[in-house]
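Notes for the one structure printed next.
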There are 2 protein chains.
Amino acid sequence: MGTRDELVESARELLWERGYVGTSPKAIQQRAGAGQGSMYHHFAGKKDLALAAVRRSAEELLAAADEQLRTPGTAVERISAYLRREREVLRGCPIGRLTQDPDVIADPQLRAPVDETLTRVRARLAEVLDEGREAGELSASLDTAALAATIVAVLQGGYVLARAAGSPEPFDQAVSGVLALLAAH
Amino acid sequence: MGTRDELVESARELLWERGYVGTSPKAIQQRAGAGQGSMYHHFAGKKDLALAAVRRSAEELLAAADEQLRTPGTAVERISAYLRREREVLRGCPIGRLTQDPDVIADPQLRAPVDETLTRVRARLAEVLDEGREAGELSASLDTAALAATIVAVLQGGYVLARAAGSPEPFDQAVSGVLALLAAH
DNA sequence: GTCTATAATGGGATAGAC
DNA sequence: GTCTATCCCATTATAGAC
C-alpha cells in the first residue's frame, strides 16, 4: 500500500466525516502519516486529491448498489434488499453529503462524479422497476424513472433525518414507509 | 431593523449557502455591513449567532409547513400541496443542510433545533395522515409515523438529488413518485 | 519521493479607545 | 454600541535541501 493510496483513503474518510470545506490538506496528511512534501508530490493540491478520493468512493457506492440489485428475486425484493442492507446510517452517504458542500457544487469538476453517481443509481433502480413492471409485478402505469428518484431520495433524506435525530430510527421508518407503499402494488 | 437583526439575517443566508463550517464571522459581518465590535457586542461568538439564526429559520420552516398542511382538502391533497409548493430547490433546505455539518452534529446545542424542527414536521405530517386514515381515505393498516418519515425524507433527499444534478428535475420526479404511490391508496 | 522552511491569507476572538 | 488594533493559530500552498 503506497503513500499515494493512504492519502486517498485518508481523504475519503475526512470528506465523508467533514466534507470538502471542513477538510484541510494538513488533516489529510496527518491521518495518512505523510508530510506536506509527499502530498504535493503525488497531487496538485487539495482539489486534485479530493477528486481522486471522490472517484474512488463513487465506484464503491455503485458496486455496492449493484450487488444488492443483481440478487435473485422480484423487483420489490431486490429493492428491499438494497434499502435494508446494513448501513452506517449516522455517518450518512459519502457521495450525497458532498451535495451540501458549496465548493463542490460550485466546481463542475468536483460536482461531476457526484452527479454521475446518483444519476447512475437512479438509472439502475429504474431498470429493476422496469423489469418488475414487465413481469406484471408492478402496475403498468407507474413512472419508473420518477419512482427510482423517490427511492434514492428516501435513502438520502433518511440519512438527513437520522443525523438530525442522532438515531437511525427515522431512517428505518422512512424505508419501511416507502416499502409498504411499494408492496401494495 | 436593528444591527442585531441584520447580523441574524446575514448569518441565516450564509448558513444556508455555505453551512456552519463554511461560514466565517467576518463574512457574516461584511454581508450585514457591521464591524467586528458590533457582532461581538450582540453575540458571544460565532456559535451564539448561529444559534439565533438557526432558531429563526426553524420557526419559518415550521410556519410554512403548517400553512400548506392546514388548507382544506383531503389528507393526500394537503400533503400534495405541501410537497408541491414553490421551493428554491437548488438552494436546498436551510435546516436539513445543517445535518451535514460536523460541528453542528457534534454540538448538542446546535443540533437540538435541527432535530426538533424535523421531528415536528414529521409529527405534523403524521397527524394529517391519521386524519386521512380515520376518514377512510387511507388504508387502516398504514404506519403513519413511518409514512411521515418517508415524505420528509423524499423532500430532503430530493434536494440532494437536485443539487447533484444542478437541476430541480429529480426533486420533482421524487415528489411525483411518492405522490403516485400515495394516490393509489 | 520526502523533508523542513517560509509565506500570504483568513479564522475567531479579545482589548481598549471613542 | 461601534470602531480599530492586535493576537494566535490554521489554511494552502511554494521552494529548495536531502
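Keep in mind it's a predicted model, so treat the numbers as computed, not measured. Basis for what follows: all heavy atoms, side chains included, without hydrogens, waters or symmetry-related copies. Below, chain A is the first sequence line, B the second, and so on; all start at residue 1.
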Counting just side-chain N and O atoms, does [X] come under 4.0 Å of either OP1 or OP2 of [N]?
| X | N | value |
| --- | --- | --- |
| A:T3 | C:dG1 | no |
| B:S24 | C:dG10 | no |
| A:K46 | D:dT12 | yes |

Between [atom2] on [N] and [atom1] on [X], what's the gap in Å once rounded to a whole number?
| X | N | atom1 | atom2 | answer |
| --- | --- | --- | --- | --- |
| B:Y40 | D:dT6 | OH | C1' | 14 Å |
| B:K26 | D:dT11 | NZ | P | 16 Å |
| B:H41 | C:dG12 | NE2 | P | 22 Å |
| A:M39 | D:dT11 | CE | P | 12 Å |
| A:R18 | D:dT11 | CZ | C1' | 13 Å |
| B:L14 | C:dG11 | CG | C1' | 14 Å |
| A:L7 | C:dC3 | CG | P | 10 Å |
| A:D103 | D:dT11 | CG | P | 14 Å |

Looking at [options], which one has an atom nearest to any side-chain atom of [X]?
| X | options | result |
| --- | --- | --- |
| B:P25 | C:dT4, C:dG12, C:dT2 | C:dG12 |
| A:Q36 | D:dT4, D:dT2, C:dT4 | C:dT4 |
| A:H42 | D:dT2, C:dT2, C:dA13 | C:dT2 |

Examine the side chains of A:Y159 and A:R97 and answer whether a donor and an acceptor come within less than 3.5 Å of each other.
no
Compute whether any side-chain donor of one residue and acceptor of the other, for B:R133 and B:S141, lie under 3.5 angstrom apart.
no
Six-ring centre of A:Y82, A:R87 cation under 6.0 angstrom, axis tolerance 45°
yes
Does the Lys NZ or Arg CZ of A:K47 fall within the cation-pi geometry relative to A:Y20 - under 6.0 Å from the ring centre and within 45° of the axis?
no
Upstream residue (5' side of DNA chain D) when A:V21 and B:S38 are each assigned their closest nucleotide:
B:S38
What are the two closest heavy atoms between A:G22 and B:V21, and how far apart are they?
CA-CG1, 3.6 Å
